[in-house]
Number of protein chains: 2
Amino acid sequence: MLNPYSEIEYMASDLLGNANLLVVDDDSLLRQVLRDQLLSHGVGQLEEAGTIAEARQKTVQYLPDLVILDVELPDGNGFEFCQYLRNSGFERPIIMLTGRGDETDIVHGLDGGANDYIAKPMRIGELIARINAQLRQYSASDDVRFSLSGFDFVPADKIVKNQSGQSIPLTEKETMILKKLFRSWPDTVTKEQLLSEVWGYGGNITTHTIETHIYRLRQKLRRLDASHLIETIGAAYRLNK
Amino acid sequence: MLNPYSEIEYMASDLLGNANLLVVDDDSLLRQVLRDQLLSHGVGQLEEAGTIAEARQKTVQYLPDLVILDVELPDGNGFEFCQYLRNSGFERPIIMLTGRGDETDIVHGLDGGANDYIAKPMRIGELIARINAQLRQYSASDDVRFSLSGFDFVPADKIVKNQSGQSIPLTEKETMILKKLFRSWPDTVTKEQLLSEVWGYGGNITTHTIETHIYRLRQKLRRLDASHLIETIGAAYRLNK
DNA sequence: CTCTTATATAACAGGCCTGTGATAATATAT
DNA sequence: ATATATTATCACAGGCCTGTTATATAAGAG
């Protein structure tokens, strides 16, 4: 094996269920079908837009985790909106959808910043799988952001925010621990897991050090009225909704 | 705009040219076609494998930046090899290739850890675009690794290595600066760019601070016989091959 | 060539991060 | 209920990180 230590599980870890999707398409019938299918396949939340203007507004309002974007829209085309989103700092996955399966379109879409491109009529299972693949990749990206019951965690900035807009800076270690906790949610994370994930194999550290770091994290979270966020489950920790 | 400050360029930044691809397919004719097409489209380096055994060996030997993987192979199937790679800690993009365009296969492939899935016969332009899209995403991921003329830089571990195996730890700021330099290569990076990228808009910092950090980086690099790596170009810095 | 400006090098010091020791509180077992 | 083990809380101190100040060197202008 290339790396015998990292045993990565490509299991569910319910990415879909925690995802908030935005579907942009002018065909309201298709939107209806997508809504039914996606929600029944476990998508957490779903917003819809029929025009680019509407999509722009909803992107700001809901900051979706992933955008499904049709190319042909009444007030413009999806390629331009995709690039607009990218230039606005929107880094999350965009899956383009189109009736035309032209190679030119696909290249155009992908080179314009889309993450994936599916031709209509698309198969719902494939769409779900591609959505999952995108969410999985994004969750391992540099600029991932986590949210849980109103609290935002931005690893790249090393801060946690609450709904009131208060934000508290985290240290390096605190950020790594919290990242592991968020990524593992709703599962628990043992101290041994934290040891190997955060400190690696060179870390001559006892589990007591972890307890101290958790204590400090809780202190900071308390200042955001989120003292309940980290709960102890036996010899492990877990994020609490 | 969602974020008026981040103006991301989805331009070339020659990801393809610096990429080392591994093509796994038992059809040697197809491999030949792919080789010709990919290299003529600017792919930097390309390795080939006709069997899983061979693919396994070449993955370890060359650590390719991206794997193009056929499903049907003489000594096993691509799905299993894909999962094997993931369980071995291989995090880089895998694009699966298959004659069958069954939805089941696509779902199976993507859920098994593949990043993308293309049905044969594939169009070379689409393949290139999808390769580019994957490389782009990977370059923004957590576990990206950079290499330049024998020097390895692993942002996640905050270390630089040379061919002799010597490695030197970097500080947070040094890592961020080096990451920006590698990502921008072969372009130059001005001090203003470093200011906004590394320190952001709250940083009450003069450009002189950057000069000091570059100095410290060069000191460490000198210990790896890589003193030439960072060169000064006017008011900017650049990585030197 | 001289003056001016930009960059490189070096040393300094405050501050934050982090692991550990010590004690209290809580959970678990017998 | 008592003893034992585990976890939480708090204080401490060494060390590393980082921005700044100071000086030397190099580059560029006129």
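The analysis underlying the following values was restricted to heavy atoms, covering all of them including side chains, and did not include hydrogens, waters or symmetry mates. Here is how names work: the chains are called A, B, and so on, in the same order as the sequence lines, proteins then strands, and each is numbered from 1.
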Whole-Å distance separating the [atom1] atom of [X] from the [atom2] atom of [N]:
X: B/L217; N: D/dC17; atom1: CG; atom2: C1'; answer: 13 Å
X: A/Q219; N: D/dA11; atom1: CD; atom2: P; answer: 9 Å
X: B/K173; N: C/dG15; atom1: NZ; atom2: P; answer: 17 Å
X: A/K158; N: C/dC16; atom1: NZ; atom2: P; answer: 15 Å
X: A/I210; N: C/dT18; atom1: CD1; atom2: P; answer: 14 Å
X: A/E192; N: D/dT6; atom1: CD; atom2: C1'; answer: 13 Å
X: B/R218; N: C/dT7; atom1: CZ; atom2: P; answer: 11 Å
X: B/L194; N: D/dT18; atom1: CG; atom2: C1'; answer: 16 Å

Item to check | B/R56 charged N/C atom sitting above B/F81 aromatic ring, 6.0 Å / 45° | outcome: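 Negative - B/R56 is either too far from the ring of B/F81 or too far off its axis.
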Compare side-chain N and O positions of [X] against OP1 and OP2 of [N] and report whether any pair is under 4.0 Å apart.
X: A/R216; N: C/dT18; value: no
X: A/Y215; N: D/dC10; value: yes
X: B/T206; N: D/dG19; value: no
X: B/T209; N: D/dT20; value: yes
X: A/W199; N: C/dG19; value: yes
X: B/K191; N: C/dT7; value: yes

Next on the checklist: Can you pull out the residues from residues 222-241 of chain B that lie within a 4.0 Å heavy-atom distance of DNA chain D?
Outcome noted: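 Those residues whose heavy atoms fall under 4.0 Å from DNA chain D, taken from residues 222-241 of chain B, amount to none.
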Next on the checklist: Using a heavy-atom cut-off of 4.0 Å across all strands, would you classify A/I214 as base, sugar-phosphate, or nothing?
Outcome noted: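 The answer is nothing, as A/I214 stays clear of every strand by at least 4.0 Å.
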Next on the checklist: By the 4.0 Å heavy-atom rule, please label A/H213 as base, sugar-phosphate, or nothing.
Outcome noted: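 Here A/H213 touches the backbone only, sparing every base.
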Next on the checklist: Working to the nearest 0.5 angstrom, can you tell me the gap between A/R222 CZ and A/H228 NE2?
Outcome noted: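 Those atoms lie 12.5 Å apart.
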Checklist entry - Atom OG1 of A/T188 and atom OH of A/Y237: how far apart are they, to the nearest 0.5 Å? => result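 Rounded to the nearest 0.5 Å, the OG1-OH separation comes to 12.0 Å.
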Item to check | Any side-chain donor near an acceptor of the partner, B/S40 and B/R35, under 3.5 Å | outcome: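 No, B/R35 and B/S40 have no side-chain donor paired with an acceptor closer than 3.5 Å.
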Checklist entry - Side-chain donor-acceptor pair under 3.5 Å between A/Y215 and A/Q219, yes or no? => result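 Yes, because at least one side-chain N or O of A/Y215 sits under 3.5 Å from a partner of the opposite role on A/Q219.
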Next on the checklist: As a test of reading the structure: which of C/dT7, D/dG19, D/dC17 is closest to the side chain of B/E211, going by heavy atoms?
Outcome noted: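 Closest nucleotide to the B/E211 side chain: C/dT7.
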Item to check | Side chains of A/D152 and A/R145 in contact at under 4.5 Å (non-hydrogen atoms) | outcome: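 Counting from C-beta outward, A/D152 and A/R145 never come under 4.5 Å.
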Checklist entry - Between A/N162 and A/G165, is there a donor-acceptor pair closer than 3.5 Å when you use the side chain of the first and the backbone of the second? => result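 Answer holds: yes.
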Checklist entry - Looking at A/D143, A/D65, A/L66, which one forms a side chain to side chain contact (heavy atoms under 4.5 Å, CB included) with A/Y138? => result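 One option only clears the test, and that one is A/D143.
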Next on the checklist: Counting distance alone, no hydrogens or angles: does the base of C/dG19 have a donor or acceptor under 3.5 Å from a partner atom on the side chain of A/H208?
Outcome noted: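 Counting by modelled atom types and ignoring angles, no donor-acceptor contact under 3.5 Å is found here.
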